[in-house]
Amino acid sequence: MSVKKEPEKGLKPLDVAEGEKVVMRFAPNPNGPPTLGSARGIVVNSEYVKKYDGTFIIRFDDTDPQTKRPMLEAYDWYIEDCTWLGAAPDKVVIASDRMQMYYDYAEKLIEMGQAYVCFCDGGEFKKYKDAKESCPHRNESVEVNLTHWKKMVAGEYEEKVAVLRIKTDIKHKDPAIRDFGAFRIVKVPHPRPEVGDKYVVWPLLDFEGAIEDHELGMTHIIRGKDLMDSETRQGYIYKYLGWDYPKTTHWGRIKIHEFGKFSTSGLRHAIEEGEYTGWDDPRLPTLRAMRRRGIKPEAIRKFMIEMGVGETDVSISLDTLYAENRKMVDPTANRYFFVWDPVEIEIQDVEPRTATPPLHPTENRGQREIEVGTKVLICKDDMESLEVGDKLRLKDLYNIEITSTAPLQAKYTGDSMPPVKKGEKRIRIIHWAPIDGAPVKVLAPHGEFNGIGERQIANELDNLVQFERFGFCRIDSVDHEIVAYFAHK
RNA sequence: GCUCCGGUAGUGUAGUCCGGCCAAUCAUUCUGGCCUUUCGAGCCAGUGACUCGGGUUCGAAUCCCGGCCGGAGCACCA
C-alpha cells in the first residue's frame with residue numbers, strides 16, 4: 001500500500017514476467033560510426049540486459065542501400081565501440097543477410113489477403129489515405145497480388161512504380177496508421193559485397209523491425225519516440241501472424257549543447273572536404289573521438305544511465321560527462337607543465353638547478369625532474385598581464401620579481417612560499433616549462449594549442465595526464481613532437 | 001489539417017502509478033570561500049524548480065478538466 005519513496009538509483013526496473021528471459025537489442029543503421037547518441041541506446045539496453053541476465057543483440061538495420069546507405073567499415077566500428085563501452089553483444093544480426101525471410105513473410109501476408117502491391121504514386125496514395133478511402137489496388141485478389149509481388153521481386157518494375165503495403169484500417173482515425181508501406185524497389189546495389197545487387201526489393205523499417213523483433217525473441221524494446229506509431233502499425237503484422245508484441249518504452253531526442261545538430265551525412269561530407277581530420281577528430285561527437293580524447297567508457301555509461309529513459313527531449317551539456325570522467329581519472333593522471341604560446345623569461349641572480357615537482361598533488365606517486373637554467377618559458381597569456389615590480393611564483397620552483405617586460409626579465413627573490421598576511425591575496429603562482437622542453441601539440445574541440453612541455457611527458461604514451469592550469473589530455477603520440485588530445489578541464 | 005506524447009532549479013534527474021514522510025533528491029553549471037604551491041585540478045559552502053488556471057480533498061508536484069508551451073508521426077529514411 002504505502003510504498004516508500006526512496007530515491008531511485010539508476011535505471012527503472014523493467015516489467016519482466018515470471019521466468020521470462022530478457023532479450024533486448026540495439027539496432028543501428030551502420031551508415032556512419034557510433035556517436036554519443038548511439039551510446040545511449042547501447043548503454044541503456046546493455047545495462048538492462050546485465051541487470052536481468054539477459055541477451056543483448058546488435059542488429060544492423062541496413063536495408064536502405066540508397067538514402068541512408070550503410071558504410072562498410074561502420075559494421076566493425078559498432079562492434080568495436082560497443083565492446084569498448086562494456087556492451088559486447090551476445091549476438092550480431094545483419095538484416096541484409098536475412099532478406100529471404102522477409103520475402104517469405106511478405107508472401108504469407110499477401111496470401112492471407114493482408115498485404116497488397118500498390119501502384120499508386122506517393123501523392124496519389126496520400127489522397128486516398130487522407131480521404132480514408134481504399135486505393136484501387138487494395139481490393140485486388142490474392143492471386144493478382146502474388147503475381148505482382150513476384151514480378152516486383154524479380155526486378156520487372158522500375159523504382160517507385162510499386163510498393164507492398166500492409167493492410168491496417170484505412171479508416172483509422174490516425175492517418176499515420178493507414179496502410180503503411182512495407183517494401184519498396186531500390187535498384188542501387190548494397191554496399192556489402194556478399195549482398196551487392198542480389199535484391200531490388202527492400203523492406204522498410206516497420207516491416208523489417210517487426211519481423212526481426214519477433215524472430216529474435218525480443219522481450220523489451222526501447223527506442224526513440226519518433227517511432228511511437230510503429231507499435232500500432234507493426235501491431236497489425238503481429239495480429240495477422242498471431243504474435244505477441246514486445247513491451248516498449250520510448251525516449252525523447254537527445255541534443256548535446258557542445259555539438260548542436262549534426263547528421264552523419266553532413267559529417268561525412270565535412271570529413272571528405274578536409275574540414276575534420278577523420279571520424280576521430282576531437283571536435284566530433286563520435287565514440288571514436290571520445291576514446292581518443294581519453295574519455296573513459298565507464299564515464300559514458302554512468303552519464304547515460306543517470307540520464308535514464310524519459311520521453312521528454314533532453315538538451316544536455318557534456319560538462320556532466322566531463323565531471324564524471326574527471327572524478328575517475330584525477331587520482332591516476334600525472335601532472336605536467338605544458339606552456340602554450342610560450343615566451344621566454346630570463347631570471348637574474350639564480351643558479352641552474354633541478355626542479356622536482358610531484359607527479360600528483362595528493363597521491364604519492366613520486367616526482368618529475370626538470371633541469372632549469374637561467375631562462376624558462378611561460379604562457380603568453382600570463383606574460384601579458386605582468387608589470388615591472390610584480391611578484392610571482394614559478395610553481396614548484398622559486399619566487400621572482402619582474403624587472404623588465406620589454407625583454408622579459410625577472411630577478412630571483414627566494415625559494416620558499418612567501419607567508420600570506422591576513423587579508424592579503426596569496427602570491428600568484430604560474431606554471432612554466434624548461435627552455436629545452438619537448439614540443440607539444442594539443443588538439444582540442446576548441447582549437448589547436450602549440451607549445452613546449454616537460455620532456456617526461458613522452459613516457460606517458462596513451463595515458464591521460466593533466467597539464468596544469470590547462471586540462472586533462474590523452475597523450476596520443478610521442479614521435480618527433482608530442483601530440484595530445486584534450487579531454488576536458 | 002489529422003493523430004499521439006510530454007512539461008520538477010541554467011542543465012539533466014529523483015519523487016507522480018498507490019495524494020500526507022516533499023518548505024521537494026542527486027549530479028552538473030554558476031557564485032563565494034579554503035588550499036606553504038594548479039586565476040583553470042582538489043576541498044567546502046551558497047544561490048536556484050514542481051508550466052498556468054480551475055476542480056476534487058482535511059491535505060495535490062502527485063488525481064480530474066481546460067489553457068499555454070514543447071516534441072513526434074502522417075516517407076518508396078532509419
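The sequence lines fix the lettering, A, B, ..., with proteins before strands; numbering per chain opens at 1. Keep in mind that the numbers below use all heavy atoms, side chains included, and drop hydrogens, waters and symmetry copies.
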Interatomic spacing from [atom1] in [X] to [atom2] in [Y] - rounded to 0.5 Å:
X	Y	atom1	atom2	answer
A:Arg368	A:Thr354	CZ	OG1	13.5 Å
A:Leu227	A:Arg233	CG	CZ	8.0 Å
A:His250	A:Arg223	NE2	CZ	4.5 Å
A:Ile211	A:Tyr238	CD1	OH	7.5 Å

Under 4.0 angstrom, heavy atoms only, what part of the nucleic acid is [X] near: base, sugar-phosphate, or nothing?
X	result
A:Ile316	sugar-phosphate
A:Cys120	base
A:Asp64	sugar-phosphate
A:Thr362	nothing
A:Asp130	nothing
A:Glu311	sugar-phosphate
A:Lys173	sugar-phosphate
A:Pro28	nothing

Interatomic distance, [X] [atom1] vs [N] [atom2] [rounded to whole Å]:
X	N	atom1	atom2	result
A:Trp432	B:U38	CH2	P	15 Å
A:Leu164	B:A75	CG	P	16 Å
A:Phe183	B:A78	CZ	P	12 Å
A:Lys489	B:C39	NZ	P	12 Å
A:Met304	B:G12	CE	P	14 Å
A:Trp340	B:U38	CH2	P	14 Å
A:Glu306	B:U13	CD	C1'	8 Å
A:Gln234	B:C4	CD	C1'	16 Å

Does a side-chain N or O from [X] land closer than 4.0 Å to OP1 or OP2 of [N], or not?
X	N	result
A:Thr67	B:C76	no
A:Arg184	B:A78	yes
A:Lys327	B:U28	yes
A:Arg326	B:U29	yes
A:Arg469	B:C39	yes
A:Lys12	B:U16	no

Without swapping roles, check the side chain of A:Lys51 against the backbone of A:Leu11 for a donor-acceptor pair under 3.5 Å.
->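 Present.
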Output yes when a side-chain donor or acceptor of A:Arg293 lies under 3.5 Å from a complementary backbone atom of A:Phe486, and no otherwise.
->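 Present.
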Counting Watson-Crick and G-U wobble pairs only, both distances under 3.5 Å, name the nucleotide matched with [N], or none.
N	value
B:A27	B:U11
B:C69	B:G6
B:G32	B:C44
B:C63	B:G55
B:A75	none

Closest to the [X] side chain: [options]?
X	options	result
A:Arg393	B:U38, B:U37, B:C74	B:U37
A:Arg165	B:C39, B:U13, B:C76	B:C76
A:Ala176	B:C39, B:U28, B:C74	B:C74
A:Ile429	B:C39, B:A75, B:U3	B:C39
A:Asp121	B:C76, B:A78, B:U13	B:C76
A:Arg253	B:U38, B:A72, B:C2	B:A72

Within residues 224-233 of chain A: residues closer than 4.0 Å to RNA chain B (heavy atoms) =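 Within residues 224-233 of chain A, the residues near RNA chain B are A:Lys225, A:Asp226, A:Leu227, A:Met228, A:Asp229, A:Arg233.
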Compute the centroid of each ring, for A:His137 and then for A:Phe119, and state whether the two points are separated by less than 6.0 Å.
->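 Ring centres of A:Phe119 and A:His137 closer than 6.0 Å.
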A:His431 ring center within less than 6.0 Å of A:Phe470 ring center |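 So the answer is no for these two rings.
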Locate the shortest heavy-atom distance separating A:Lys68 from A:Asn29; write the atom from each residue and the value.
->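 Closest approach of A:Lys68 to A:Asn29: O-ND2, 2.9 Å.
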What heavy-atom pair brings A:Val309 and A:Thr249 nearest, and what distance separates the two atoms?
->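 Scanning both residues completely, I find the closest heavy atoms to be CG1-CG2, 3.7 Å.
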Specify the residue among A:Lys68 and A:Arg335 whose closest nucleotide of RNA chain B lies further upstream toward the 5′ end.
->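 Between the two, 5'-proximity favours A:Arg335.
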Relative to the 5' end of RNA chain B, which residue comes earlier, A:Glu324 or A:Arg178, by the nucleotide with the nearest heavy atom?
->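 Per heavy-atom nearest nucleotide, the more 5' residue is A:Arg178.
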Between [N] and [M], how many Å separate the two [atom1] atoms, rounded to a whole number?
N	M	atom1	result
B:G55	B:A61	P	15 Å
B:G53	B:C68	P	15 Å
B:C26	B:C69	C1'	27 Å
B:A45	B:C35	C1'	15 Å
B:A41	B:G20	P	41 Å
B:A49	B:A27	C1'	15 Å
B:G66	B:G6	P	15 Å
B:U62	B:C21	C1'	14 Å

When A:Asn325 is tested against each of A:Lys302, A:His488, A:Glu298 for side chain to side chain donor-acceptor pair (under 3.5 Å), which residue passes?
->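 The side chain to side chain donor-acceptor pair (under 3.5 Å) with A:Asn325 is passed solely by A:His488 among A:Lys302, A:His488, A:Glu298.
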Return yes if the base of B:G70 and the side-chain atoms of A:Asp313 contain a donor-acceptor N/O pair under 3.5 Å, otherwise no.
->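 A donor-acceptor contact between them is absent.
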Should the ring pair A:Trp149 and A:Phe183 be called parallel, tilted or perpendicular, given that the plane angle runs from 0 to 90° and is split at 30 and 60?
->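 Taking A:Phe183 first and then A:Trp149, their aromatic rings stand perpendicular (interplane angle over 60°).
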